[in-house]
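Report on one structure; see the data block that follows.
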Amino acid sequence: MAILGYLLGALTPFNLMLALAGVVLGTIVGALPGLSATMAVAVLVPFTFTMDPAAGLIALGAIYTGAIYGGAYAAILVNTPGTPSAIATTFDGFPMARRGDGGLAISLATIASVVGGVVGAISLLLLAPPLAKVALAFGPTEYFWLAIFGLTLIAALSVGNTLKGLIGACLGLFLSMVGVAVVGGDVRYTLGMQRFLGGVDLTSAIIGLYCIPVILDLVATRDPHLQPAETGGLRLGESWRMAWAQKFNVIRSSVIGTVIGILPGAGGSIAGLVSYTEARRASKTPERFGKGAPEGVVATEAANNATVGGGFIPTLVLGIPGTPPDAIILGALLVQGIKIGPTLFSTEAGVVYTFIWGLLIATLLMLPAGLLIGRYAYGSMMKIPKAVLAPTVALLTVIGSFAIHSNVDDVQTMVGLGLIAWVLARYGFAPSPIVLGLVLGQIAEQGFVQTYLIGNASNRLGEMFFGRPISIGIIIAAVVTLAYPILAERLARRRAARTAAATPAAAAPAAGASARGRDVPGMILSACFVLLGLLIVFGARGLSALGSVFPTTIGLALIVFSLAFIGLGLAGRTAAPAPRAEGEGGTRHRIALAAIMVIWVLLLPVVGFFVTSLAAFFVIMAVADYDRPGWRTWFVWILAGTAIVAGFWWLMSNVLLLRMPAGLLF
């Protein structure tokens with residue numbers, strides 16, 4: 001009952017105002033690719049130093065949970081995760097929006113986010129001390145197998161093309177190894193360039209891998225970006241019914257998110273991916289996932305929002321931040337003179353319980369605020385002309401990748417990875433496994449190398465990897481998750497073959513639908529990946545034992561998977577991806593946009609941000625325009641473009657206080 005007494009402190013008008021404002025601001029920031037929850041919390045911290053500690057924490061927690069939720073908007077509407085936690089939301093959210101169910105997807109994401117956030121906050125309120133012990137039971141071996149468990153999602157993402165998915169994961173793991181080794185300190189695969197010493201920035205890579213191909217495809221046809229909704233609005237009644245029908249999915253995903261949130265360094269991206277995998281495995285129609293299955297959106301959003309409350313458990317009880325925003329909030333607590341540790345819940349009970357109640361209230365406020373924003377988001381996106389939408393999204397990719405470290409090198413890396421991703425996606429190598437490998441790479445390497453080191457030193461290498469109880473449980477779950485889609489695909493083929501044999505008239509179409517042959521472009525790319533694998537292995541020879549063991553393993557895996565794909569291709573057992581629809585002059589428009597993006601980011605530090613961005617905006621506008629409207633429409637578009645570029649330039653320079661590249665002009 002004493003805990004309930006602190007609820008009144010969280011319900012003061014000032015704290016309620018902070019919770020609502022934080023959720024709205026966080027949602028807007030999270031919806032903009034690159035402007036992460038970490039940045040939003042970091043910018044707000046100085047303003048909380050003059051507040052009461054509980055009020056300041058409520059504001060920080062509200063903007064954090066709002067930003068995690070806001071990432072779903074960009075994931076659903078433009079196929080770009082607004083935050084890394086929304087990676088798996090793109091798998092089904094964007095296909096739903098493409099077919100006209102964007103409002104429904106946003107409603108489901110909002111409901112699932114609120115439920116997941118509530119589960120995480122209640123867990124923090126009631127179970128913090130005992131659940132914190134779970135985090136202490138995880139050593140390097142468990143973290144390694146947890147990362148491998150996350151990588152088994154590739155089987156779910158790549159049904160019918162598992163080898164391409166595994167090759168993509170190896171490419172992502174390779175990207176995660178660029179720079180200074182996480183264990184051992186070796187400098188690896190930088191090509192002698194200083195820009196790569198810090199590695200490949202995760203957020204910039206995600207923006208490039210997901211968003212650049214979307215923009216290139218956006219300008220390739222005159223078709224609308226999103227299909228008009230068949231039924232208007234957010235379809236709340238339908239959303240609530242679907243969410244209730246998926247109540248077990250919601251609760252399971254929320255629990256997964258809370259538990260993974262407790263593990264330092266895991267975070268919402270892993271929670272969303274694991275929950276997505278489990279939702280697909282438990283579904284009676286797993287073939288719908290990746291094509292617009294509402295269950296995928298629900299699972300991801302429930303899990304990644306549950307990590308907010310779960311992540312605060314080790315932060316408050318052990319002083320071990322689970323994510324970068326948790327670390328910033330931990331610093332704010334220390335500045336306020338609050339001692340973190342197991343005694344926090346007794347010595348500072350008023351502050352910590354008021355904050356937890358405030359976090360719970362902010363999560364509940366996310367429901368009306370998110371639905372209100374979502375009511376206009378899909379309709380507004382539909383009404384924006386493609387000639388304005390394409391350059392605006394391109395501008396957001398540049399701003400988002402620059403804002404992370406105020407570094408133009410990140411912007412150039414983003415564009416380069418994006419163009420490579422478009423080529424790979426065109427021939428069946430999806431970006432999701434690459435991102436998955438990049439996200440999990442450092443966690444996997446650190447756990448692998450530390451376990452390898454301890455096992456070698458104690459002559460218990462096999463026992464360290466395969467003899468720990470928690471590790472055994474994770475390994476079993478990973479094997480089941482990896483094998484289930486493959487077995488399900490084989491069973492489906494056998495059923496189709498039996499059906500075709502029983503009905504000869506249908507045999508020809510059925511055979512044609514599943515015809516397999518030689519994927520020649522895929523085989524050529526696989527040959528290139530064999531060479532890359534050899535370079536990775538030979539590049540690791542000059543490194544220390546700690547720095548070389550993981551790259552060597554990944555390089556060999558890349559060679560094996562690529563050779564296996566080539567072998568299947570030579571045997572006529574691969575299928576080329578379906579050709580993409582091309583509009584009139586689609587290839588020409590794509591090449592023009594790619595050239596503009598490259599010139600833009602190369603001139604950015606030389607000429608200056610504002611001038612190059614404004615010029616690029618207008619040129620992309622011309623490339624994306626198929627309708628050739630009158631001069632009055634163009635005049636309005638030019639005014640809108642100028643306002644958009646100037647507004648973002650002012651926001652970055654004067655609100656976020658970023659050092660924008662000035663160059664010769666500005």
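Here the side chain of Thr612 pairs a donor or acceptor atom with the backbone of Phe609 at under 3.5 angstrom. Formation of a donor-acceptor pair under 3.5 Å by the Asn304 side chain with backbone atoms of Thr300 is found in this model. Remark: the backbone N or O of Met177 is paired with a side-chain donor or acceptor of Arg188 at under 3.5 angstrom. A donor-acceptor contact shorter than 3.5 Å is absent between the side chain of His589 and the backbone of Ala220. Listed for the Asn305 side chain is a donor-acceptor partner under 3.5 Å among the backbone atoms of Glu301. In this structure a side-chain-to-backbone donor-acceptor pair under 3.5 Å is missing from Arg590 to Val219.
Residues in residues 172-194 take part in these ring-ring contact (aromatic ring centres under 6.0 Å, His included) pairs, two or more places apart or across chains: Phe174-Tyr189.
Side chains of Ser176 and Gln442: no donor on one and acceptor on the other come within 3.5 Å. Judged by distance alone, the side chains of Asp217 and Trp422 do bring a donor and an acceptor atom under 3.5 Å apart. Defined by atom type and a distance below 3.5 Å, a donor-acceptor pair is present between the side-chain atoms of Tyr276 and Asp92.
Annotation: side chain of Val200 is in contact with side chain of Leu417 (closest heavy-atom distance under 4.5 Å). Taking 4.5 Å as the limit, some side-chain heavy atom of Ile76 sits within range of a side-chain heavy atom of Thr89. Side chains of Gln412 and Arg195 form a contact here, defined as non-hydrogen atoms less than 4.5 Å apart. Residues Leu171 and Leu532 are in side-chain contact: their nearest non-hydrogen atoms beyond the backbone lie under 4.5 Å apart. The closest side-chain heavy-atom distance from Lys291 to Pro95 is not below 4.5 Å. At a threshold of 4.5 Å between non-hydrogen side-chain atoms, the residues Thr397 and Val415 do not count as touching. Ile434 places a side-chain heavy atom less than 4.5 Å from the side chain of Leu424. Residues Glu445 and Leu173 have side chains not in contact (no heavy-atom distance under 4.5 Å, counting atoms from C-beta outward).
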Point to revise | Criterion side-chain contact (heavy atoms from CB on, under 4.5 Å) on Leu602 and Ile599, from CA distance to verdict | key: CA-CA 5 Å; Leu602 290 178; Ile599 295 171; 5.9 Å; no
Check your understanding: Hey, mind stepping through Trp649 and Leu614 against side-chain contact (heavy atoms from CB on, under 4.5 Å) and telling me if it holds?
Key -> CA-CA 10 Å; Trp649 177 77; Leu614 191 63; over 6 Å; no
Exercise for review: Given side-chain contact (heavy atoms from CB on, under 4.5 Å), test Val187 with Leu543 step by step and report yes or no.
Suggested key: CA-CA 8 Å; Val187 177; Leu543 304 176; over 6 Å; no
**Study point:** Step-by-step side-chain contact (heavy atoms from CB on, under 4.5 Å) determination, Gln194 to Leu197
**Key:** CA-CA 5 Å; Gln194 187 175 359; Leu197 286 176; 3.8 Å; yes
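Here Trp634 and Trp637 bring their ring centres to under 6.0 angstrom of each other. Ring centroids of Phe529 and Phe561 are separated by 6.0 Å or more, keeping the two rings apart.
For the atom pair CG (Leu558) and CD1 (Ile554), the distance works out to 9.0 Å, reported to the nearest 0.5 Å. Note that the CD1 atom of Ile215 and the CG atom of Leu593 stand 6.5 Å from one another [nearest 0.5 Å]. Between the NZ atom in Lys386 and the CG atom in Asp625 there is a gap of 10.5 Å [rounded to 0.5 Å]. Note that CZ of Arg426 and CG of Leu525 are 12.0 Å apart. Values are rounded to the nearest 0.5 Å. For the atom pair Ile167 CD1 and Ser562 OG, the distance stands at 4.0 Å (nearest 0.5 Å). Note that CG of Leu531 and OG of Ser526 are 11.0 Å apart. Values are rounded to the nearest 0.5 Å.
Between Phe565 and Phe429, the ring-plane angle classifies as tilted under the 30° and 60° cut-offs.
Residues passing the side-chain hydrogen bond (donor to acceptor under 3.5 Å, both in side chains) test with Ser544, sequence neighbours excluded: Asp186. Remark: Ser204 engages Asp201 in a side-chain hydrogen bond (donor to acceptor under 3.5 Å, both in side chains) (not counting sequence neighbours). Considering only residues two or more places apart in sequence or on other chains, Thr27 meets the side-chain hydrogen bond (donor to acceptor under 3.5 Å, both in side chains) condition with none of them. For Ser613, the side-chain hydrogen bond (donor to acceptor under 3.5 Å, both in side chains) test picks out Trp600, with sequence neighbours left out. A search for ring pair (Phe, Tyr, Trp, His ring centres under 6.0 Å) contacts involving Phe402 returns nothing, not counting sequence neighbours.
Counting all heavy atoms, side chain and backbone alike, Ala421 lies closest to Leu209 at CB-CD2, 3.5 Å. Ala540 approaches Ser548 most closely through the heavy-atom pair O-CB, 3.2 Å. Contact record, Ala271 with Ala303: O-CB, 3.6 Å, taken as the closest heavy-atom pair. Closest non-hydrogen pair, Ala109 versus Val297, comes out as CB-CG1, 4.0 Å. The two atoms that bring Thr90 and Ala75 nearest to each other are CG2-CB, 3.6 Å, heavy atoms only. Shown here for Ser401 and Ile207, the closest heavy-atom pair between the two residues is N-CD1, 3.8 Å.
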